[in-house]
Amino acid sequence: MMSTKEIETTYDITRQTLNNWIQRKIISKPTKKGNKNIWSRTNIIEIERAVSQKNGKTPFFEFDHEKLKINNRRYLGSKQRMLNFIDDVVKENTTDIKSVADIFGGTGVVADLFYSQGKEVIVNDILFSNVISYNTWFGTETIDYRKIENKICELNNLTGISGYVTENFGDRYFSEENAKKIDAIREKIERYSDLNKREHDFLLTSLLYAMDKSANTVGHFDAYRKKMDSLKPIILRVPEQRKTNKSQIFNMDANQLVRIISADLVYIDTPYNSRGYESAYHVLENVAEWKKPAVEGVARKAINRSEKSSDYTKNKAPQAFDDLIQNISARYILVSFNNMAHKGNSRSNAKISNEEILESLKGSVAKFKNQIQGL
């Protein structure tokens with residue numbers, strides 16, 4: 001919070017300039033405290049951007065006051081619409097749930113359902129880009145939120161440059177202008193030296209979500225539209241700041257993870273068909289890791305993606321699922337399963353049948369009963 005006098009002194013501007021900017025809706029009105037104007041952090045960010053534009057240092061972008069939320073992205077198999085159903089199932093069939101593990105986390109919205117209820121969460125995904133977001137939404141490291149707001153303001157006002165994204169994904173997944181902006185933003189994030197890990201991930205999350213919103217796709221990166229119709233300038237929004245609960249975040253194979261964790265409830269939503277997530281989100285993964293791998297084919301996918309491929313997208317899926325279930329340490333296991341049967345193309349057909357899933361779960365129950373009897 002700053003007074004008008006402090007604003008004038010700090011930024012070398014007059015009250016009349018501030019009034020002009022308010023009239024032109026370049027900045028928002030300050031709040032009143034008695035007869036005095038009090039300028040909030042949002043006001044200050046807007047003023048800093050306007051000053052930068054006034055001095056000819058950067059182009060000006062309207063400030064998006066709406067905070068970025070965890071569910072503000074598209075994702076294959078997202079459980080956003082099922083959250084109420086999942087919540088009801090857990091409340092009606094379990095007792096005394098204090099910890100929940102979401103071991104195929106995806107966007108993290110299921111983990112967030114329980115996190116918002118004050119439960120300890122364990123959230124995991126094989127994709128690094130998803131784990132970056134988990135550290136934003138569920139991380140415990142202390143952050144300087146004003147610094148993050150200022151950095152995102154700065155990133156939004158960068159001039160685009162030609163780089164890895166422009167060369168490989170420009171005029172394909174993104175307009176040429178947006179691809180250049182992504183290059184500039186990603187390189188700038190990499191050069192910041194005054195951020196801790198979670199603050200860094202806040203900026204990356206903002207970029208990844210903005211890329212999803214501006215991408216010339218139908219929601220994933222298996223292919224792009226032939227006609228470039230996503231021309232709206234890419235704009236980063238500030239991720240909302242959340243109350244911190246207990247959490248653990250992992251970036252590993254779920255079958256290995258369950259051998260080292262335990263929770264009251266384990267939620268499972270594996271990939272069930274041959275549509276591997278490492279291919280569907282290869283562009284976001286490349287930008288998150290920023291290793292700049294060589295790409296190939298019309299879809300411009302990284303040449304080597306095998307390290308992130310899943311057994312659940314292959315014929316060995318039933319064996320992988322059984323191994324997973326038998327090594328879980330939890331009082332309750334909740335499984336989501338979407339079997340397209342033969343309604344879609346062959347890539348949509350599940351690699352695991354209803355019967356195989358039930359057989360593995362029954363085996364887990366039998367194993368638990370034997371353990372109880374042996375005590």
Side-chain angles (χ1 to χ4, degrees), residues 1-69 72 136 143-161 174-189 191-195 199-214 230-242:
M1 298 289 188
M2 295 176 72
S3 68
T4 302
K5 187 65 177 176
E6 289 171 327
I7 292 288
E8 290 179 293
T9 303
T10 302
Y11 298 104
D12 191 25
I13 53 178
T14 66
R15 290 173 186 253
Q16 186 58 53
T17 296
L18 291 171
N19 289 331
N20 290 343
W21 285 346
I22 291 172
Q23 296 266 335
R24 292 162 56 195
K25 297 184 178 179
I26 291 174
I27 64 174
S28 50
K29 291 182 179 180
T31 57
K32 286 278 189 183
K33 189 172 183 181
N35 294 322
K36 293 184 178 181
N37 287 331
I38 301 297
W39 302 84
S40 68
R41 288 188 302 177
T42 298
N43 293 137
I44 293 166
I45 290 172
E46 294 170 339
I47 291 167
E48 288 177 349
R49 294 172 62 196
V51 169
S52 182
Q53 184 203 25
K54 179 172 178 283
N55 294 336
K57 292 182 180 179
T58 57
F60 180 74
F61 283 93
E62 288 295 332
F63 186 74
D64 191 340
H65 296 275
E66 186 179 357
K67 293 292 188 278
L68 189 66
K69 300 182 183 298
N72 292 156
T136 297
I143 60 167
D144 182 338
Y145 198 63
R146 182 176 179 184
K147 182 199 294 185
I148 291 169
E149 290 177 320
N150 288 335
K151 295 292 189 189
I152 288 179
C153 171
E154 180 180 8
L155 293 173
N156 271 330
N157 283 287
L158 291 175
T159 300
I161 61 173
F174 308 98
S175 68
E176 194 82 7
E177 184 179 350
N178 279 341
K180 288 180 178 180
K181 190 68 174 288
I182 293 166
D183 270 318
I185 291 171
R186 187 62 185 87
E187 292 289 2
K188 185 69 173 178
I189 292 174
R191 291 197 299 271
Y192 283 133
S193 59
D194 58 340
L195 301 171
E199 289 166 345
H200 177 272
D201 289 350
F202 258 77
L203 303 188
L204 266 185
T205 295
S206 181
L207 174 58
L208 295 173
Y209 273 57
M211 287 172 63
D212 171 71
K213 188 174 181 62
S214 64
S230 298
L231 300 174
K232 187 176 180 180
I234 185 169
I235 299 292
L236 274 59
R237 292 163 57 191
V238 181
E240 65 176 349
Q241 188 174 19
R242 328 260 307 271

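The model shown is predicted, which means the values in this text are computed figures rather than measured ones. Here, residue 1 is the first one in the sequence, and each next residue gets the next number.
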State whether the side chain of [X] and the backbone N or O of [Y] hold a donor-acceptor pair below 3.5 Å, judged by distance alone.
{"X": "Asn178", "Y": "Lys232", "value": "yes"}
{"X": "Asn156", "Y": "Leu236", "value": "yes"}
{"X": "Glu149", "Y": "Val238", "value": "no"}
{"X": "Thr9", "Y": "Lys5", "value": "yes"}
{"X": "Glu199", "Y": "Ile148", "value": "no"}
{"X": "Ser206", "Y": "Arg237", "value": "yes"}
{"X": "Asp212", "Y": "Leu208", "value": "no"}

Exercise for review: State which residues pass side chain to side chain donor-acceptor pair (under 3.5 Å) with Asn150; sequence neighbours excluded, sorted by chain then number.
Suggested key: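 Partners of Asn150 by the side chain to side chain donor-acceptor pair (under 3.5 Å) criterion come out as none, since no residue qualifies.
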Exercise for review: Can you sort out the partners of Asn20 under side chain to side chain donor-acceptor pair (under 3.5 Å), two or more places apart, ordered by chain and number?
Suggested key: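 So Asn20 forms a side chain to side chain donor-acceptor pair (under 3.5 Å) with Gln16.
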Decide yes or no for [X] and [Y]: does some side-chain heavy atom of the first lie under 4.5 Å from some side-chain heavy atom of the second?
{"X": "Asn37", "Y": "Lys32", "result": "yes"}
{"X": "Leu155", "Y": "Tyr192", "result": "yes"}
{"X": "Ile235", "Y": "Ser214", "result": "no"}

With rounding to the nearest 0.5 angstrom, report the [atom1] to [atom2] distance, [X] to [Y].
{"X": "Lys181", "Y": "Leu207", "atom1": "NZ", "atom2": "CG", "answer": "10.5 Å"}
{"X": "Asn157", "Y": "Ile185", "atom1": "CG", "atom2": "CD1", "answer": "10.0 Å"}
{"X": "Arg186", "Y": "Leu158", "atom1": "CZ", "atom2": "CG", "answer": "13.0 Å"}
{"X": "Ile27", "Y": "Asn19", "atom1": "CD1", "atom2": "CG", "answer": "8.0 Å"}
{"X": "Trp39", "Y": "Glu46", "atom1": "CH2", "atom2": "CD", "answer": "9.0 Å"}
{"X": "Ile152", "Y": "Phe202", "atom1": "CD1", "atom2": "CZ", "answer": "8.5 Å"}

Practice item. Let me see the working for Thr4 and Lys36 under side chain to side chain contact (heavy atoms under 4.5 Å, CB included), right down to the final yes or no. Key: CA-CA 8 Å; Thr4 302; Lys36 293 184 178 181; over 6 Å; no
Exercise for review: List the steps, then state whether side chain to side chain contact (heavy atoms under 4.5 Å, CB included) holds for Trp21 with Val51.
Suggested key: CA-CA 10 Å; Trp21 285 346; Val51 169; 3.8 Å; yes
Distance-minimising heavy-atom pair for [X] and [Y]:
{"X": "Thr136", "Y": "Pro239", "result": "CG2-CB, 3.9 Å"}
{"X": "Glu6", "Y": "Met2", "result": "OE1-CA, 3.2 Å"}
{"X": "Lys67", "Y": "Tyr145", "result": "CE-OH, 3.1 Å"}

Point to revise | SB check Asp194 Lys151 (cutoff 4.0 Å) | key: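 Yes, Asp194 and Lys151 are salt-bridged.
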Exercise for review: List the steps, then state whether side chain to side chain contact (heavy atoms under 4.5 Å, CB included) holds for Ile13 with Ile7.
Suggested key: CA-CA 8 Å; Ile13 53 178; Ile7 292 288; 4.0 Å; yes
Practice item. Take atom NZ of Lys147 as the centre, draw a 6.0 Å sphere, and report whether it contains more than 12 heavy atoms from other residues, nucleotides or ligands. Key: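 Above 12, so yes.
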